[in-house]
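Remarks on the structure that follows.
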Amino acid sequence: MFKKTLLLLLLVPFQLLFAQTNTVIGKLPKGYTPEEVGRKLAYRFVDGKHLLHAGKWISYPETFNWSGALKFAAVTEDNELIKLLQDKFESLFTTEKKLLPIKNHVDLNMFGSLPLDLYQITKEQRYYDLGLPYADTQWELPENAKPQEKEWHDKGYSWQTRLWIDDMYMITIVQTQAYKVTGDLKYIERSAKEMVLYLDELQRPNGLFYHAPDVPFYWGRGNGWMAAGMAELLRYLPEDNENRARIMEGYRTMMKGLLAYQNEEGMWNQLIDKPDCWTETSGTAMFTYAFIMGVKNGWLDKKTYARAARKAWMGMVNYIARDGAVRDTCTGTNKKNSEKYYYDRARHSGDYHGQAPYLWCTVALLEK
């Protein structure tokens, strides 16, 4: 009896080692499944401290980590996690209300996407009422607007336009969420028009994007914001939208370009086109998310891009520590016309910039 019990104890870990989850990128072994990865990262966020913007308001990295954890909880039907994340938000209605971002910048208005996520999960009106004004004010010209802001507004673009590639997730995510909860086409249509402006101004022939018109460098996470933003927008943009074909063209051109720069680990570098630059996790996760969404929705060739996404995912997971902290994530980064600036950016572990897109990937792999 003792020998039989010992044999069973020895066999269990061995059998678990080969437990797999089947996904759009193929079967994933134990330790690499989206359920395991998502749970580790999402529950880690529950006890995390606030990451503030300018020391005053909830930041966009925290917002997107929070929403990523919520979406993971929803897709896995983890009601315990949903409750924990909802409880974490509750103080923003009361004692921490001062941490709600003001509505005057792309890096702040994006916050509206989080309460709109909560509204879709809980159907509580207070989340809708909190979130929607962040989408509306992105197109409502303030009285003290600067001349350039007024010029953008008069052309039908957001007065917050600045032609930094980061914007094409910040703007897209809140406008798309507003469309989802209201059904009002104005939100998705103006987001699409904005996306075409950025495509025309910043995308290069190799499919990648300069950080800004005056900063000719292919920064990893910046390009990641574009990749994820286009994938998110295309997911909900009506087929008959006049700008859909242009956005799809830009998306596919970028995805093709990224294939050429995927490194031996299956990941991408801090400066995408520089082989000697360091491997960076947040941009990699965003590109992987865009690949997965493209394969799932039939926008990309399944054989080619599922293989690339799988290689990236297997590489990405190796950068997660035991405590769920993603390492080698580029610190918060402004634009600067200096190649050295991007090479020398600090690499953080557990930075919300990296945690969030990893969660997006888990959700993309799990969603039916």
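For this chain, numbers begin at 1 and follow the sequence in order.
In this structure, a donor-acceptor pair under 3.5 Å is absent between the side chains of His105 and Gln160. Glu194 and Gln175 share no side-chain donor-acceptor pair at under 3.5 Å. Side chains of Asn334 and Tyr341: no donor on one and acceptor on the other come within 3.5 Å. Checking Asp117 against Gln177 by side-chain atom types alone, a donor-acceptor pair falls below 3.5 Å. Looking only at atom types and distance, the side chain of Asp129 has a donor-acceptor partner in the side chain of Gln125 under 3.5 Å away. Of the N and O atoms on the side chains of Arg345 and Thr331, not one donor lies less than 3.5 Å from an acceptor on the other residue. Donor-acceptor pairing under 3.5 Å is lacking for the side chains of Thr329 and Ser282. With hydrogens and angles left out, the side-chain atoms of Tyr32 and Asn318 include a donor and acceptor closer than 3.5 Å. Judged purely by distance below 3.5 Å, without hydrogens or angles, the side chains of Lys193 and Tyr157 never pair a donor atom with an acceptor atom. A donor-acceptor contact closer than 3.5 angstrom links the side chains of Asp167 and Tyr198. For the residue pair Thr279/Asn263, the side-chain donor-acceptor check at 3.5 Å is satisfied.
The ring of His353 has its center closer than 6.0 angstrom to the ring center of Tyr60. Between Tyr127 and Tyr119, the ring centre distance reaches or exceeds 6.0 Å. Taking the ring centroids of Trp225 and Phe287, they lie at or beyond the 6.0 Å cut-off. You'll find the ring centres of Phe72 and Trp360 outside the 6.0 Å limit. Taking the six-membered ring for Trp, Trp66 and Phe45 have ring centres closer than 6.0 Å.
Separating the CD1 atom in Ile171 from the OG1 atom in Thr161 is a distance of 5.0 Å, to the nearest 0.5 Å. We find the CD1-CZ distance between Ile320 and Arg44 to be 10.5 Å, quoted to the nearest 0.5 Å. Between Ser349 atom OG and Asp328 atom CG the span is 8.0 Å, to the nearest 0.5 Å. The distance from atom OG of Ser67 to atom CD of Glu62, rounded to the nearest 0.5 Å, is 10.5 Å. In this structure, Arg252 CZ and Trp299 CH2 are separated by 9.5 Å, a value rounded to the nearest 0.5 Å. Within the model, atoms CE of Met267 and CD of Glu265 stand 6.0 Å from one another, a figure rounded to the nearest 0.5 Å.
Pro213 has its side chain within reach of Leu202: a pair of non-hydrogen atoms, C-beta onward, lies under 4.5 Å apart. Residues Tyr261 and Leu208 meet the side-chain proximity criterion, which asks for heavy atoms closer than 4.5 Å. Looking only at side-chain heavy atoms (C-beta outward), Tyr319 and Thr284 stay at 4.5 Å or farther from each other. Looking at Tyr305 and Ile292, their side chains never come closer than 4.5 Å, going by heavy atoms from C-beta outward. In this structure the side chain of Met314 reaches within 4.5 angstrom of the side chain of Leu28, judged on heavy atoms. In this structure, the side chains of Tyr169 and Phe64 come closer than 4.5 Å at one or more pairs of heavy atoms. Taking the side chain as every heavy atom from C-beta outward, Tyr43 and Glu80 approach each other to under 4.5 Å. Within the 4.5 Å cutoff, no side-chain heavy atoms of Tyr251 are placed close to those of Leu233.
For Lys98 (side chain) and Leu92 (main-chain N/O), no donor-acceptor pair under 3.5 Å exists by modelled atom type. Side-chain atoms of Arg190 do not come within 3.5 Å of backbone N or O of Gly156 as any donor-acceptor pair. Distance alone, capped at 3.5 Å, places no donor-acceptor pair between the Lys56 side chain and the His53 backbone. A donor-acceptor pair under 3.5 Å is absent between the side-chain atoms of Asn269 and the main chain of Leu271, judged by distance alone. Proximity of a side-chain donor or acceptor of Ser59 to a complementary backbone N or O of Leu51 within less than 3.5 Å is detected. Side-chain N or O atoms of Trp159 include one that pairs as donor or acceptor with a backbone N or O of Thr137 at under 3.5 Å. In this structure, Lys88 contributes its side chain and Val46 its backbone to a donor-acceptor pair below 3.5 Å. Without hydrogens or angle criteria, Glu232 side chain to Gly229 main chain gives no donor-acceptor distance under 3.5 Å. Proximity of a side-chain donor or acceptor of Asn223 to a complementary backbone N or O of Trp219 within less than 3.5 Å is detected. For Thr362 (side chain) and Leu359 (main-chain N/O), a donor-acceptor pair under 3.5 Å exists by modelled atom type.
The shortest heavy-atom contact between Ser113 and Val174 is N-CG2, 3.9 Å. The two residues Met293 and Ala231 have their closest heavy-atom pair at CB-CB, 4.2 Å. Residue Asn243 comes nearest to Asn241 through the heavy atom pair N-OD1, 2.8 Å, listed as atom of the first residue, atom of the second, then distance. Across Trp164 and Ala212, no two heavy atoms sit closer than the pair CD1-CB, 4.3 Å. Of all non-hydrogen atoms in Asn109 and Tyr134, the two that sit nearest each other are ND2-O, 2.8 Å. A pairwise comparison of heavy atoms in Ile58 and Leu52 identifies N-CD2, 4.0 Å as the closest pair.
Annotation: salt bridge (Lys or Arg N to Asp or Glu O under 4.0 Å) contacts of Glu242 (sequence neighbours excluded): none.
Salt-bridge formation is not detected for the pair Arg347/Glu280: no Lys NZ or Arg NE/NH1/NH2 atom is positioned less than 4.0 Å from an Asp or Glu carboxylate oxygen. Between Glu249 and Arg246, at least one side-chain nitrogen of the basic residue sits less than 4.0 Å from a carboxylate oxygen of the acidic one, meeting the salt-bridge criterion. Look at Glu367 and Arg235 and you find a salt bridge, because one of the NZ, NE, NH1 or NH2 atoms lies within 4.0 Å of a carboxylate O, short of that distance. Under a 4.0 Å N-O distance rule, the pair Arg162/Glu149 does not qualify as a salt bridge. The residues Asp323 and Lys40 are annotated as not salt-bridged, no charged nitrogen and carboxylate oxygen being separated by less than 4.0 angstrom. Salt bridge Asp214/Lys335: present, at least one basic N to carboxylate O contact under 4.0 Å. A salt bridge between Asp78 and Arg39 is present, with a side-chain N of the basic residue lying under 4.0 Å from a carboxylate O of the acidic one.
Taking the centre and axis of the six-membered ring of Trp313, the NZ or CZ atom of Arg310 falls outside the cone set by 45° and 6.0 Å. Under a cutoff of 6.0 Å and an axis angle of 45°, Arg204 and Phe209 do not form a cation-pi pair. Figure legend: Lys336 and Tyr342 shown without cation-pi pairing, the cationic atom not lying both under 6.0 angstrom from the six-membered ring centre and within 45 degrees of its axis.
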Would you check, one step at a time, whether the test side-chain hydrogen bond (donor to acceptor under 3.5 Å, both in side chains) holds for His211 with Asn337?
CA-CA 9 Å; His211 194 167; Asn337 194 1; over 6 Å; no
Test ring-ring contact (aromatic ring centres under 6.0 Å, His included) on Tyr210 and Tyr218 and set out the steps.
CA-CA 5 Å; Tyr210 286 162; Tyr218 302 124; 5.4 Å; yes
Step by step, work out the side chain to side chain contact (heavy atoms under 4.5 Å, CB included) result for Glu339 and Phe217.
CA-CA 7 Å; Glu339 185 177 272; Phe217 302 107; 3.6 Å; yes
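Within a 6.0 Å sphere centred on NZ of Lys180, heavy atoms belonging to other residues, nucleotides or ligands number more than 12.
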